[in-house]
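See below for the structure under consideration.
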Amino acid sequence: MKEIQWIVSDLDGTLLNNQKQVSQKNQKAIQWLFEQGIDFGIVSGRPVKTIYETLDFWQIKPYVRFIIGMNGAAFMDISTHEITYAPSLSLYVIQKIMNHFKGWDVCFQILDEKIRYTNRSTNSSIQYKLFYTIHYKMS
């Protein structure tokens, strides 16, 4: 049988509890993985820098080896702090997509690290005000 080399976890609703914290049980499990030589990584829709900045609060920073954020569009190697991004959509393509949905009840939200651009306010965008700077009137 092949040996386990790494384990990854999502954050919200998986690794984090209802208080958005990592439980002591999960902290100990992640530390145990580290001691066994098994790399632990986090995968999330959140930006990698935001996740990295929260690792100390969650008390797991020494045990996390990598972060995959932005729904797979960014990868951070914790040991080097190097972030690799997937190619971005061009402004032309973004405008084409937005024009296609013109007149529909669609809320566009584009996240650039800690800045979220959106064309209108929604319950979702209002919740993100706690974490991001929000700019409206995207067109």
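None of these values were measured; they are calculated from a predicted model.
Legend: residues meeting side chain to side chain donor-acceptor pair (under 3.5 Å) with S79, ordered by chain and number and at least two apart, are D77. Shown here are the side chain to side chain donor-acceptor pair (under 3.5 Å) partners of D56, two or more places apart in sequence or in another chain: there are none. Taking the ring-ring contact (aromatic ring centres under 6.0 Å, His included) definition, one finds that F40 meets it with nothing, sequence neighbours left out. Applying the side-chain contact (heavy atoms from CB on, under 4.5 Å) criterion to A73, with sequence neighbours excluded, gives M70, A86. The side chain to side chain donor-acceptor pair (under 3.5 Å) check on K61 picks up Y52, with sequence neighbours excluded. In this structure Q24 satisfies the side-chain contact (heavy atoms from CB on, under 4.5 Å) test together with Q27, sequence neighbours excluded. Annotation: side-chain contact (heavy atoms from CB on, under 4.5 Å) contacts of L89 (sequence neighbours excluded): V93, I94, I97. Not counting sequence neighbours, the partners of F101 by the ring-ring contact (aromatic ring centres under 6.0 Å, His included) test are W104. Not a single side-chain contact (heavy atoms from CB on, under 4.5 Å) links Q5 to another residue, sequence neighbours left out. For K96, the salt bridge (Lys or Arg N to Asp or Glu O under 4.0 Å) criterion is met by no residue, not counting sequence neighbours.
Residues F66 and V8 form a side-chain contact, since some pair of their non-hydrogen atoms from C-beta on lies under 4.5 Å apart. A heavy-atom distance below 4.5 Å is found between the side chains of L55 and I42. Proximity of H81 to M76: side-chain heavy atoms (C-beta onward) are separated by under 4.5 Å at one or more points.
Side chain of N99 to main chain of Q95: a donor-acceptor pair is present (N/O by atom type, distance under 3.5 Å, no hydrogens or angles).
Judged as a salt bridge (charged side-chain N to carboxylate O under 4.0 Å, His left out), not a single pair has a partner in residues 26-41 (not counting sequence neighbours). Listed by first and then second residue, the side chain to side chain donor-acceptor pair (under 3.5 Å) pairs involving residues 7-17 are D12-K20, D12-R46 (not counting sequence neighbours).
The distance from the CG atom of L11 to the CG atom of L16 is 5.0 Å, given to the nearest 0.5 Å. Here the CG atom belonging to N71 is positioned 7.5 Å from the OG atom belonging to S44, to the nearest 0.5 angstrom. Here W58 contributes atom CH2 and Q21 contributes atom CD; the two are 10.5 Å apart, rounded to the nearest 0.5 Å.
I68 and L33 are members of different hydrophobic clusters when ILVMFWY side chains are connected at heavy-atom separations under 4.5 Å. There is a path of hydrophobic side-chain contacts, each under 4.5 Å, that joins I51 to Y63. Transitive grouping of hydrophobic side chains (ILVMFWY, heavy atoms separated by less than 4.5 Å) keeps V43 and I4 in distinct clusters. Cluster annotation: I7 and F34 are assigned to the same hydrophobic cluster (Ile/Leu/Val/Met/Phe/Trp/Tyr, side-chain heavy-atom contacts under 4.5 Å, transitive). Linking Ile, Leu, Val, Met, Phe, Trp and Tyr whenever their side-chain heavy atoms come within less than 4.5 Å puts W6 and F75 in one cluster.
Between F108 and M98, the shortest heavy-atom distance links the atoms CZ-CA, 3.6 Å. A74 and I83 make their closest contact through CB-CG2, 4.4 Å (heavy atoms, listed as atom of the first residue, atom of the second, distance).
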